[in-house]
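The next block holds one structure in the form of structure tokens; read it before the comments.
Here the structure is a predicted model, which is why all the values come from computation and not from measurement.
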Amino acid sequence: MTKEVRVRFAPSPTGALHIGGVRTALYNYLFAKKHNGKFLLRIEDTDQTRYVPGAEEYIKSALEWIGITPDESPWVEGPNGPYRQSERKPLYMQYAMDLVEKGYAYYAFDTSEELDAMRERLTAARVVSPQYNAITRTQMKNSLTLPEDEVKEKLASGEPYVIRLKVPRKEEIRLNDMIRGWVMVHSNTLDDKVLMKSDGMPTYHLANIVDDHLMGVSHVIRGEEWLPSAPIHVLLYRYLGWEDSMPQFAHLPLLLKPDGNGKLSKRDADKHGFPIFPMDWTDPRTNELSPGFKDAGYLPDAFINFLAFLGWNPGDHREIFNLEELIEAFTVERIGKSGTKFDINKAKWYNEQYLKAKSNQELAGYLIEDLQKEGIEILQSKAEKIVNIMKERATFPADLWKEGRFLLIAPESFDEKVAGKKWDENAVRVLGSYKEELAKFEGEFTPESAKSLLEKAAETNEIKLGKVMQAVRLATTGVGAGPDLMEVFVIIGKDELIKRIDFALNTLEVKAN
């Protein structure tokens, strides 16, 4: 690549950032860093009617959480600012006027009622997609059909108007997409897009082309939903005289529902009970809370790894990549053309892998934080012992406490299903003997000594240990399954273990056969 790689992520502040948008940001970032380029963030807020307070700050926080820092943005000023389109408003009209003067755009004075009437006529004539295009514009109120003096009079009087792109009637518009190869569209399928609205604000089509050009964007990596607009953008680059510097396009595949049937939406996420936003989002208009990956307990590194594989793969069997490794491995050529099913179980798997890979010291921090919320104090050394035996069973940091409560709090009830099957006279006898052995023991209480004493209790009663092990676990933890029981006993401690056994022996009843 000869010129500097400059890519941009350009979200609209109309609500929470969808996971598809986060993936787009990630792919842009990986591509830029792979080629020692720049990653820009631009807020596209030209549609002020859809602006949602707090959405811009949410975008910033979401990217910060996953560790993506723009080189230029509204918060990191660069040489091509401002980076909010609403602050660039004076720029756009001159380019729209340039297109009008060259004959590539025109003024349109049609009212909303006249536009509705046009669509109704076309619908009645069984036109599948009613459009304001090369054919219908000849019957509408615009500077192509009105006398020149009347147009000047309307402009001088301040009559509302929009500026529309004059799309050629019969032309093949070609685009070489980095993911999809050559894409060809007939201009007769396109409508004359509005470039400048009656309020003086540009539409996305004009604003993003002007901004990409002025900001030196070399590659536009965006979602597949923008592919139908790409021919319009190709025309704009050509008509503005920027065709030689037009960026390369790459349109990313859709994120699909878990069953692969259609585009993933918030409704699907709500239905299946998984997040679709990077962080919790409370809609200021409705006060509705939508859960996010961060607040659900996903680690940022795991989230990024999962996200990267939603449409891309490294070409080998590796699945675990940190951000630096993703930058090194990432290529646009390895992005697929077809949509990718969203699999929340895979996201959980990634979280488990990253959780297990963390040091006990770091994981202990999560546990201590959760314990502090409940007013429980614990030594760092004990917290590290707990997470060491619980991390293999945890999906989220909160699971370390949620699933390991029995290590610090004695059970007040017991799993009835396990008790009904496993609590019998043999269990009572072995546990009675084990309690006595523990009370007499004065050495270092280790997993080995804990097991040796339990084996001795079983032998004394001539009972095979395997027959009562689940009952022993039940009596000391309240449940029938969990991590290595001898490790559990050491964390609980000998004195507490005796108390728990005594409570179980006095609480659980042996059911008659």
Less than 4.0 angstrom from a charged side-chain N to a carboxylate O is my criterion; do [X] and [Y] meet it?
X	Y	answer
Arg238	Glu171	yes
Asp191	Lys193	yes
Lys391	Glu362	no

**Request:** Run through Arg42, Arg8, Glu72, Arg88 and flag the one making a side-chain hydrogen bond (donor to acceptor under 3.5 Å, both in side chains) with Tyr83.
**Result:**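 Per the side-chain hydrogen bond (donor to acceptor under 3.5 Å, both in side chains) rule, the option paired with Tyr83 is Glu72, out of Arg42, Arg8, Glu72, Arg88.
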
Side-chain donor-acceptor pairs of residues 477-488 under 3.5 Å, sequence neighbours excluded:
from, atom 1, to, atom 2, distance (Å)
Thr477, OG1, Arg473, O, 2.7
Thr477, OG1, Val479, N, 3.4
Thr477, OG1, Val479, O, 3.3
Asp484, OD1, Met486, N, 3.1
Asp484, OD1, Glu487, N, 3.0

Got more than 12 heavy atoms from elsewhere within 6.0 Å of [atom1], [X]?
X	atom1	answer
Lys451	NZ	no
Lys341	NZ	no
Asp244	CG	no
Glu225	CD	yes
Gln380	CD	yes

Are the side chain of [X] and the backbone of [Y] linked by a donor-acceptor contact shorter than 3.5 Å?
X	Y	value
Asp45	Gln85	yes
Asp283	Leu289	no
Thr14	Arg50	no
Ser187	Arg169	yes
Asp295	Gly292	no
Asn188	Lys170	no
Asp177	His251	yes
Asn388	Glu384	no
Asp212	Ile209	no
Thr189	Val185	no

Heavy atoms, side chains only, cut-off 4.5 Å: are [X] and [Y] in contact?
X	Y	answer
Tyr350	Leu355	no
Lys166	Tyr104	no
Leu190	Ile173	yes
Leu363	Met390	no
Val162	Met196	no
Arg222	Asn208	yes
Leu407	Lys382	no
Tyr27	Phe330	yes

**Request:** Please step through salt bridge (Lys or Arg N to Asp or Glu O under 4.0 Å) for the pair Asp270 and Arg267, ending with a clear verdict.
**Result:** CA-CA 5 Å; Asp270 292 342; Arg267 182 178 297 177; over 6 Å; no

**Axial cation check for Tyr354 ring with Lys356, 6.0 Å and 45° limits** =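 Not flagged: Lys356 not positioned over aromatic ring of Tyr354.
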
With under 30° as parallel and over 60° as perpendicular, where do the rings of [X] and [Y] fit, or are they tilted in between?
X	Y	value
Tyr204	His233	tilted
Tyr95	Trp242	perpendicular
Phe39	Tyr29	perpendicular
Tyr58	Trp281	perpendicular
Trp312	Phe321	perpendicular

Exercise: identify the closest heavy-atom pair between [X] and [Y]:
X	Y	value
Ala25	Leu63	CB-CD2, 3.9 Å
Leu40	Arg6	CD2-NH2, 3.4 Å
Val76	Pro70	CG2-O, 4.2 Å
Asn351	Leu299	OD1-N, 2.8 Å

**Asked** Going through the distances and angles, do Glu403 and Arg393 end up as a salt bridge (Lys or Arg N to Asp or Glu O under 4.0 Å)?
**Response** CA-CA 8 Å; Glu403 303 298 328; Arg393 295 171 170 270; over 6 Å; no

**Prompt:** Name the one of Arg180, Lys337, Lys263 that satisfies side-chain contact (heavy atoms from CB on, under 4.5 Å) with Glu224?
**Reply:**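 Of Arg180, Lys337, Lys263, side-chain contact (heavy atoms from CB on, under 4.5 Å) with Glu224 is met by Arg180 alone.
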
**Prompt:** So Leu256 and Leu264, side-chain contact (heavy atoms from CB on, under 4.5 Å) or not? Walk me through it.
**Reply:** CA-CA 5 Å; Leu256 304 177; Leu264 180 69; 5.9 Å; no

**Prompt:** Looking only at side chains, do Asn360 and Lys385 share a donor and an acceptor under 3.5 Å apart?
**Reply:**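 There is no such pair between these side chains.
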
**Item:** Distance flag, aromatic centroids of Tyr298 and Phe274, threshold under 6.0 Å
**Value:** no

**Message:** Walk me through whether Glu44 and Ser12 qualify under side chain to side chain donor-acceptor pair (under 3.5 Å).
**Reply:** CA-CA 5 Å; Glu44 301 206 333; Ser12 298; 5.1 Å; no

**Prompt:** Yes or no on side-chain contact (heavy atoms from CB on, under 4.5 Å) for Leu408 and Ile491, after CA distance, side-chain angles and deciding distance?
**Reply:** CA-CA 9 Å; Leu408 295 175; Ile491 291 172; 5.6 Å; no

**Prompt:** Stepwise, does the salt bridge (Lys or Arg N to Asp or Glu O under 4.0 Å) test hold for Asp343 with Lys348?
**Reply:** CA-CA 9 Å; Asp343 182 1; Lys348 291 177 180 177; over 6 Å; no

**Fill in**
d(Ile19 CD1, Phe277 CZ) to nearest 0.5 Å is 10.5 Å

**Message:** Is there a salt bridge (Lys or Arg N to Asp or Glu O under 4.0 Å) between Asp316 and Arg318? Walk through the geometry before answering.
**Reply:** CA-CA 6 Å; Asp316 54 36; Arg318 290 178 298 161; 3.0 Å; yes

**Message:** Using side-chain contact (heavy atoms from CB on, under 4.5 Å), reason through Ser218 and Glu4 one step at a time and then give a plain yes or no.
**Reply:** CA-CA 7 Å; Ser218 61; Glu4 182 188 27; over 6 Å; no

